[in-house]
There are 2 protein chains.
Amino acid sequence: MSSNYGNQMTTISDVAREAKVSTATVSRVLNKSDKVRSITRDRVNAVIRKLNFIPNVNALGLQRKKTKTVGLIFPDASAYYFAEIIQGINRHLSQNDHQILISSAHDEAEEIKIVNGFVKGGRIDGLIMMMPSANGNNGFKIPLAYEIPEVFISCEINAPRATTILLDNYNAAREMVEHLSRLGHKRIAFIHGGEHNYDARERYRGYVDGRRICQADEDVNLEVVGNFTESSGFQATLELMKCKPQPTAIFAANDAMAIGAIEAARALKLRVPSDLAIVGFDDISSAAYMDPALTTVHVPLRRLGRLAAEALLKNLNTDSAERTTEKIIIPLQHVIRRSCGSEQTVKSESF
Amino acid sequence: MSSNYGNQMTTISDVAREAKVSTATVSRVLNKSDKVRSITRDRVNAVIRKLNFIPNVNALGLQRKKTKTVGLIFPDASAYYFAEIIQGINRHLSQNDHQILISSAHDEAEEIKIVNGFVKGGRIDGLIMMMPSANGNNGFKIPLAYEIPEVFISCEINAPRATTILLDNYNAAREMVEHLSRLGHKRIAFIHGGEHNYDARERYRGYVDGRRICQADEDVNLEVVGNFTESSGFQATLELMKCKPQPTAIFAANDAMAIGAIEAARALKLRVPSDLAIVGFDDISSAAYMDPALTTVHVPLRRLGRLAAEALLKNLNTDSAERTTEKIIIPLQHVIRRSCGSEQTVKSESF
DNA sequence: TCAAAATATGTAAGCGATTACATTTGAATA
DNA sequence: TATTCAAATGTAATCGCTTACATATTTTGA
């Protein structure tokens, strides 16, 4: 049983002994202090290389109160979202010599517990949180009290001295409705992603406003609530098509539900887009390969991740008093494909 | 500039002072030692709760040589794979009070550097590596020298005292060919995933053997190399269909390439499955929703992740001398849908 | 050449925990 | 009540590193 780091950890003392200097000097070399004679520096560096010495992170963290580690919290749900964003974050952080500690939380109580452990345990220097279900008024207060830099992705907490990164869901959704309207649709249905989700709420808001602006039908029967899964999109569509008069277009709050909607249309022997136009949101990778290819809104998830990482790094060496409250909004672009029935801008998918 | 943990970190001394005991006693309470009088224990616990004390992880790591952290290395590539597996790992580890430090590496040199930093830096207690491109003979030696427990996912390094978890790609691929053969196909083409990938090589091996067993055509023109992307599947299919006589079935080494193949068939005005049967491997979530729904092999990625986490945890408190070399092979199941043209087992996709 | 100034290096305390060992406490026994 | 001994608690060293301060060395200038 038990075991320490297993093999011999080389420590700074080993290096000092071998190089015939004190640990202080080794430390100065490691930290690129300028007050070391170059001949000494070379000797120490040679030993460091020879022994393959890497400073112990725990000792560093204990002493410096910095761990070069960033915490990343995300909900269990959307694997695709998560995977893409984390890829963006990861790339940028590792290029800047920082590590990522991850954890997923189902609810806010769990989230608070995790963040609490990370921060008070001295594990992390900064925090990136993805929690679309949070909304300022449900008591999500604790993490904000900590004085490490924080970046919130897609949630509407108005966190002072933190950075919030949001997608411009509202305008993209409104413009999508306008696009459908220009194609002649009057009865444009919407499959909601669920009240508890920030992105979903914003997309819905864009839909409602777009519908009004275009003077399309404002029938509440044209709105059904799904939960971002294919099967909910399928069910929602069956529901919507019972409505009289039937909708001629369906706008799903994400691509997965749009795929379910297409499947449902097929089950109902409706042709997409001629009988029923269907559009989504996200531009997942398969959207371009489906039949018909899905008209949707492109969401640059990796870029989102990179922006989050950049924002965090910027604040990592900043005293909390100097930090500002920032909100970054990412504009979104439509990708017009076949499923909306528009022929005007059919981009040839470049294989 | 600068900043420590920001707000007051409560330390064990704060607790000791407040509870009027020594830090040793607080430590004993924290570690559930039985030699603390219950009245003292209660008093200390009350203070711990009152001050919201959480032990500093760096101090713990320095002292105990254990960080309750597991390193997770994966290649940059396959987001879907990664996301699913990590979800499985994450769930199991967090239930068992362990954190995950992630990093992605493009090549093995980078990988070695990262692992080296993690291990010698004292950051992690164990390691899970996903690196399908590794193969025992290309000098991937260094991580194996460390004495922390290791789990390798989908790679064929024969690591002593480590656990390797593999998918039963070979048999699943062979059986898929047999299935196509039973449907009457003689010219079964294969889109390879690339020589550098373990899963791809195994699937190819299964294809070759299946083809021979079924006495299907053994024409090298029926084999094209792709790279696991949709577009490579598209290109590969255009290539394959130039072959005379044309293949009547295409087996793609993963679903993404199968999707590209279907797209290509569509471009060539071929109907799937009547003109050309197409099958994939992975069972990605959209496979069931495509048109036609994709016949494929289901790969239980989350379970794979959980198994990896379990295997690692099991070894975490085991001395390296007591560790055994283990190999876990996960059997795979086919999912027969429409794209292969089989009507015998069409499972109704349950919405 | 020698003192003063400037620069390089060493010494030792401390970061926040654990733990071997020493000491105190209190219950049991005579 | 005094004595003994086990149980409870405290003291201080330690983990690997940084850094203020002390000391040693080199450089500079007269």
Side-chain angles (χ1 to χ4, degrees), chain A residues 2-45 47-48 51-68 117 119-123 125, chain B residues 2-6 8-44 47-48 51-68 117 119-123 125:
Chain A
S2 103
S3 88
N4 45 18
Y5 289 121
N7 53 347
Q8 71 309 328
M9 292 229 36
T10 8
T11 72
I12 199 172
S13 313
D14 298 334
V15 176
R17 191 176 325 110
E18 180 92 7
K20 303 201 192 310
V21 294
S22 71
T23 60
T25 297
V26 178
S27 177
R28 287 186 191 105
V29 171
L30 286 171
N31 297 290
K32 316 233 182 298
S33 159
D34 50 352
K35 45 186 69 163
V36 178
R37 237 185 340 169
S38 68
I39 181 171
T40 312
R41 184 200 322 282
D42 292 347
R43 185 154 40 94
V44 171
N45 274 325
V47 175
I48 287 173
L51 299 185
N52 189 16
F53 168 70
I54 290 180
N56 182 292
V57 176
N58 299 303
L60 283 174
L62 189 56
Q63 171 65 230
R64 300 214 260 227
K65 319 261 184 238
K66 290 279 185 186
T67 58
K68 296 242 178 199
V119 176
K120 305 213 77 172
R123 275 186 186 275
D125 300 340
Chain B
S2 102
S3 86
N4 45 18
Y5 289 122
Q8 71 309 327
M9 288 230 41
T10 11
T11 72
I12 200 172
S13 313
D14 298 333
V15 175
R17 194 177 322 113
E18 181 92 6
K20 304 203 193 310
V21 293
S22 72
T23 60
T25 298
V26 178
S27 177
R28 288 187 191 104
V29 170
L30 286 171
N31 296 291
K32 315 230 182 298
S33 159
D34 50 352
K35 44 185 72 162
V36 178
R37 235 183 341 167
S38 68
I39 182 172
T40 313
R41 186 201 319 283
D42 293 347
R43 186 153 41 95
V44 171
V47 174
I48 287 173
L51 299 185
N52 189 17
F53 169 70
I54 291 179
N56 183 292
V57 177
N58 299 303
L60 283 174
L62 189 56
Q63 170 66 230
R64 300 216 258 228
K65 319 265 185 233
K66 288 279 185 187
T67 57
K68 295 243 177 199
V119 176
K120 304 214 76 172
R123 277 187 184 272
D125 301 339

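In what follows, chains are A, B, ... by sequence order, proteins preceding strands, each numbered from 1.
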Between C1' on D:dG16 and NZ on B:Lys66, what's the gap in Å once rounded to a whole number? 18 Å
To the nearest Å, how far apart are A:Lys120 NZ and C:dC15 P? 17 Å
Whole Å only: how far is the CG atom of B:Asn56 from the P atom of D:dG16? 16 Å
Within this structure, what is the NZ-to-P distance between B:Lys35 and C:dC21, rounded to whole angstrom? 12 Å
Check every atom of C:dA17, C:dA8, D:dG16 against the side chain of A:Leu62 and return the nucleotide holding the closest atom. D:dG16
Whichever of A:Arg43 and B:Ser13 has its nearest DNA chain C nucleotide further upstream toward 5': A:Arg43
When you measure only distances, ignoring hydrogens and angles, does the side chain of B:Gln63 come within 3.5 Å of the base of D:dT14 through a donor and an acceptor? yes
Calculate, to the nearest 0.5 Å, the distance between atoms OG1 and NZ belonging to B:Thr40 and B:Lys35 respectively. 14.5 Å
Does B:Thr10 reach the side chain of B:Val15, with side-chain heavy atoms less than 4.5 Å apart? no
From A:Asn45 atom CG to A:Leu30 atom CG, the distance as rounded to the nearest 0.5 Å: 8.0 Å
With a 4.0 Å cut-off on heavy atoms, is B:Val26 in touch with a base, just the backbone sugar-phosphate, or nothing at all? nothing
May I ask you to say what B:Ser27 touches in the nucleic acid, namely base, sugar-phosphate or nothing, with a heavy-atom cut-off under 4.0 Å? base
So, does A:Lys65 get its side chain near the phosphate of C:dG16, meaning an N or O under 4.0 Å from OP1 or OP2? yes
d(CD1, B:Ile12; C1', C:dG14) in whole Å: 16 Å
Can you tell me how far C1' of C:dT18 sits from CG of B:Leu30, to the nearest Å? 10 Å
D:dT18, C:dT18, D:dA8: which one has an atom nearest the side-chain heavy atoms of A:Thr23? D:dT18
Does a side-chain N or O from B:Asn31 land closer than 4.0 Å to OP1 or OP2 of C:dT18, or not? yes
Round to the nearest Å and state the distance from A:Lys20 atom NZ to C:dG10 atom P. 12 Å
Roughly, in whole Å, what's the span from CZ in B:Arg37 to C1' in D:dT9? 9 Å
Using a distance-only criterion (donor-acceptor N/O pair, under 3.5 Å, no hydrogens), is the base of D:dG10 paired with the side chain of B:Arg28? yes
Given 3.5 Å as the limit, does a donor-acceptor pair link the side chain of B:Asp14 with the main chain of B:Thr11, or not? yes
First encountered from the 5' end of DNA chain C, between A:Thr25 and B:Ala59: A:Thr25
Do A:Arg123 and A:Thr67 have side chains that approach each other closer than 4.5 Å (heavy atoms only, starting at C-beta)? no
Output yes when at least one side-chain N/O atom of B:Arg64 is less than 4.0 Å from OP1 or OP2 of C:dT18, else no. yes
